[in-house]
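First up is the structure itself, then whatever we jot down about it.
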Amino acid sequence: MAHLASLSKEELIARIEFLESAAKVKSPTTTTTTNEPADITGNTVKPDAGPSTSTSTNGNQNEYRVVLDENGKPLRKHARKQLRKSEKPFEYHSHPTRHIALMISYHGWPYCGLALQPPLPGMPNVQTVESELLKALEKTRLIEGGKGLEGCNYGRCGRTDRGVSGHGQVVNLWVRSNRKLDDQGEKLNEIGWKLPQNPLPPKPPNVNMEQDEQTQQGQGERQGEQEAKSKKNKKNVQVIPKSDPLEYPYPKILNSVLPPSIRVIAWTPLNSEFDSRFSCLFRHYKYVFHLKPTPTSEPLDLDLMKLGAERLIGENDHRNFCKLDGSKQINNHKRTVLKAYFEGIDKENDKYVFNLIGTAFLWHQVRHIIAVLFLIGSGLEKPELISDLLNVEKYPSKPIYTMGDPLPLTLHECGYKQYPEDDTENLLLDWRFGGYDGPWNSLGQERKDELYHLAMGGREGFERQLMTATQQAEIKAWQVGGSLRKIRELLGPVKKDREDQIIHSVGGGEVSIGLNYKQLSERLRGETPEEVNRKWRELKGRPGGKSKKNAMDVDGDVDESGGGDE
């Protein structure tokens, strides 16, 4: 026994477990094999302390071994538990699933757009918002691994391009559920919740626990004072009412593995037929800009820009305010703009936001509109230009001009109410943050207070993280502006290098500088939509035919249901 005194506690535990495992082997013909140890990830390692020894029976694959880490020491209890858990197969179809919607906020500049893009041969995978979301969903096992977004019937409201952000993007998909049928929780709807395809067999009843409870009950009167007190405390713990079964807190789970530039801010159970794309009634885009784009330029005339924006209201043909794509084969470019207005968010620094709300949008439509409004605000064009570009008889094709920068643009809201100013409750979406999956918006304030920690559990810590990130970004912006403040303080006002320069904003802090300006009415014009569609069909060998992928759009439906602005 003297040799055991030099062993650590963990080594002693491993040795005891090994001896107990060996004692369970009843076959007289046993062999001792030497295996390379595995670390917590299951990979084999070769420690300096020597290999681990395991005992196995002939004809039986059961193996008892001491698992060592990279230093040759036995794994701790938590590491062994994690190893066993990682080796245990996960059966996704043994769990119920439910249809939910997620509201996602993301920064556009780190990614090559929102949509998942197929990898190109010999090229690295393209990093997009949906590629990161897919990795998070698979890592947390909320969707079946290897099936992609198509495997969970994923749908999005609007597609944003490279550099464009989203504050209120809505997606819907089927995910793994924590609820069980008849679990005494909130009522489950057969439209939005499904039983597992391959349910696990029920666990056998624990006979020992039932016998222990009966024994404790029979000996209750014969217990001493200290034991009676302990039993009383145990009984008090048992009578605490349990909360109703809860769903997985999907935002908290996903945010724990998503990058900080992508946040899931809310979720809602879907108990009726819903599609985030086709159920959407309006989309709200915001574009932030400064009235004075450069130190020497004149500020934009906001009144002229308002006059131009007013001409956008209503249903019009926006072919001259978008980028044409022959692969979509879109013949109908009419879109309805519900509201177009400006609001000041930091008037002291001349910072404003252009709001554009419509039922559907074309590709790059918002960025084309804001570019023309910048020309109007700079005094280079008149507000009447908006009406002229909406007149396809006067402008059958788009004059060549530069669209706005993507950085200031964000998809602010995906609306599922009848109108943006409608105050009625949204019956389709009932947002919450925590695992409570019952009705929320329709509850009275007293009942909401009772259920707050279930419906909003974890929100305080989440908002703390968001506020920290916001404050850090504001501090960094102040630091970046320090050079500009200092040079003005040191050297005074700046003057133009040339008085004949023409400067106008294109958004995102970028400007166009030249010595002359040509009116849009005098510029070269691109091809008409009919010409673009015809050339694409001829290139693909489909003269007069339709693209299989976008056959629906040829009939006049909205490309990306109007969500494909960027």
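Throughout, numbering of the chain's residues begins at 1 and tracks the sequence. Worth knowing before you read on, the calculation uses all heavy atoms, side chains too, and leaves out hydrogens, waters and symmetry mates.
Side-chain contact between Glu132 and Pro259 is present, with at least one heavy-atom pair separated by less than 4.5 Å. A 4.5 Å side-chain heavy-atom check between Val337 and Ile357 finds every atom pair outside the cut-off.
Taking the six-membered ring where the residue is Trp, Trp174 and His99 present parallel rings, their angle staying beneath 30° rather than reaching 60°. In this pair, Tyr452 and Trp440 present their aromatic rings tilted. The plane angle is within the 30 to 60° band.
Asn533 places a side-chain N or O within 3.5 Å of a backbone atom of Ile330 that can act as its donor or acceptor partner. Counting only distance, with no hydrogens or angles, the side chain of Asn320 and the backbone of Pro399 share no donor-acceptor pair below 3.5 Å. With hydrogens and angles disregarded, no donor-acceptor distance shorter than 3.5 Å links the side chain of Ser378 to the backbone of Leu375. Counting only distance, with no hydrogens or angles, the side chain of Arg432 and the backbone of Gly438 share a donor-acceptor pair below 3.5 Å.
For the residue pair Tyr248 and Ile253, the shortest heavy atom distance occurs at CB-CD1, 3.8 Å. Closest non-hydrogen pair, Leu429 versus Ala101, comes out as CD2-CB, 4.2 Å. When every heavy atom of Ile143 is checked against every heavy atom of Cys152, the shortest pair comes out as CG2-CB, 3.9 Å. In this structure, Ile370 and Gly404 approach most closely via the heavy-atom pair CG2-CA, 4.3 Å. Of all the heavy atoms in Ser505 and Gly507, the pair that sits closest is OG-N, 3.1 Å.
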Run the salt bridge (Lys or Arg N to Asp or Glu O under 4.0 Å) check on Arg176 and Glu144 step by step: do they pass? CA-CA 9 Å; Arg176 179 164 57 99; Glu144 185 177 4; over 6 Å; no
Phe289 vs Phe374, ring-ring contact (aromatic ring centres under 6.0 Å, His included): CA-CA, chis, key distance, verdict: CA-CA 10 Å; Phe289 65 95; Phe374 283 152; 5.5 Å; yes
Using salt bridge (Lys or Arg N to Asp or Glu O under 4.0 Å), reason through Arg464 and Glu460 one step at a time and then give a plain yes or no. CA-CA 6 Å; Arg464 190 185 307 120; Glu460 180 186 6; 3.8 Å; yes
Walk me through it: do Lys292 and Glu298 pass the test salt bridge (Lys or Arg N to Asp or Glu O under 4.0 Å)? CA-CA 6 Å; Lys292 195 170 184 179; Glu298 294 294 328; over 6 Å; no
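In the displayed structure, Lys334 atom NZ is contacted under 6.0 Å by at most 12 heavy atoms of other residues, nucleotides or ligands. Counting non-hydrogen atoms of neighbouring residues, nucleotides and ligands closer than 6.0 angstrom, the CD1 atom of Ile487 reaches no more than 12 such neighbours. Crowding of His93 atom NE2: a count of heavy atoms from other residues, nucleotides or ligands under 6.0 Å exceeding 12. Enclosure of atom NZ in Lys448 by more than 12 non-hydrogen atoms of other residues, nucleotides or ligands within 6.0 angstrom is indicated.
With salt bridges taken as basic N to acidic carboxylate O contacts below 4.0 Å, none links Arg277 and Asp275. Salt bridge absent: Glu138 and Lys147 never bring a charged side-chain N and a carboxylate O closer than 4.0 Å. Between Arg179 and Glu186, no side-chain nitrogen of the basic residue sits less than 4.0 Å from a carboxylate oxygen of the acidic one, so the salt-bridge criterion is not met.
Glu343 pairs by the side-chain hydrogen bond (donor to acceptor under 3.5 Å, both in side chains) definition with Lys286, Asn355, not counting sequence neighbours. For the side-chain hydrogen bond (donor to acceptor under 3.5 Å, both in side chains) test, residues two or more places apart in sequence or in another chain that qualify with Asp325 are Ser327. Under the side-chain hydrogen bond (donor to acceptor under 3.5 Å, both in side chains) criterion, Glu381 pairs with Tyr517, not counting sequence neighbours. With sequence neighbours left out, the ring-ring contact (aromatic ring centres under 6.0 Å, His included) criterion links Tyr352 to no other residue. Applying the ring-ring contact (aromatic ring centres under 6.0 Å, His included) rule to Tyr250 yields the partners Trp267; only residues at least two apart in sequence or on another chain are considered. Qualifying salt bridge (charged side-chain N to carboxylate O under 4.0 Å, His left out) partners for Glu463, counting only residues two or more places apart in sequence or in other chains: Arg459. Phe462 is linked by a ring-ring contact (aromatic ring centres under 6.0 Å, His included) to Phe433, counting only residues two or more places apart in sequence or in another chain. For Cys414, the side chain to side chain contact (heavy atoms under 4.5 Å, CB included) partners two or more places apart in sequence, or in a different chain, are Cys157, Gln169, Val170, Cys280, Leu411, Tyr416. Under the side-chain hydrogen bond (donor to acceptor under 3.5 Å, both in side chains) criterion, Tyr401 pairs with no residue at all, not counting sequence neighbours. Scored by the side chain to side chain contact (heavy atoms under 4.5 Å, CB included) test, Glu190 finds no partners at all (sequence neighbours excluded).
Residue pairs that meet the salt bridge (Lys or Arg N to Asp or Glu O under 4.0 Å) test with at least one member in residues 89-107, sequence neighbours left out, are Arg98-Glu247, Arg98-Asp437. Listed by first then second residue, pairs satisfying side chain to side chain donor-acceptor pair (under 3.5 Å) with a partner in residues 465-475 number zero, not counting sequence neighbours.
Aromatic pair His318/His333: centroids not less than 6.0 angstrom apart.
With 3.5 Å as the limit, one finds a donor-acceptor pair spanning the side chains of Ser276 and Asn172. Side-chain atoms of Glu413 and Tyr285 form no donor-acceptor pair, as typed in the model, at a separation below 3.5 Å. Looking at Tyr111 and Ser261, their side chains do bring a donor and an acceptor atom within 3.5 Å of each other.
Stacking of Arg283 on the aromatic ring of Phe361 is not recorded, the 6.0 Å distance cut-off and the 45° axial limit not both being met.
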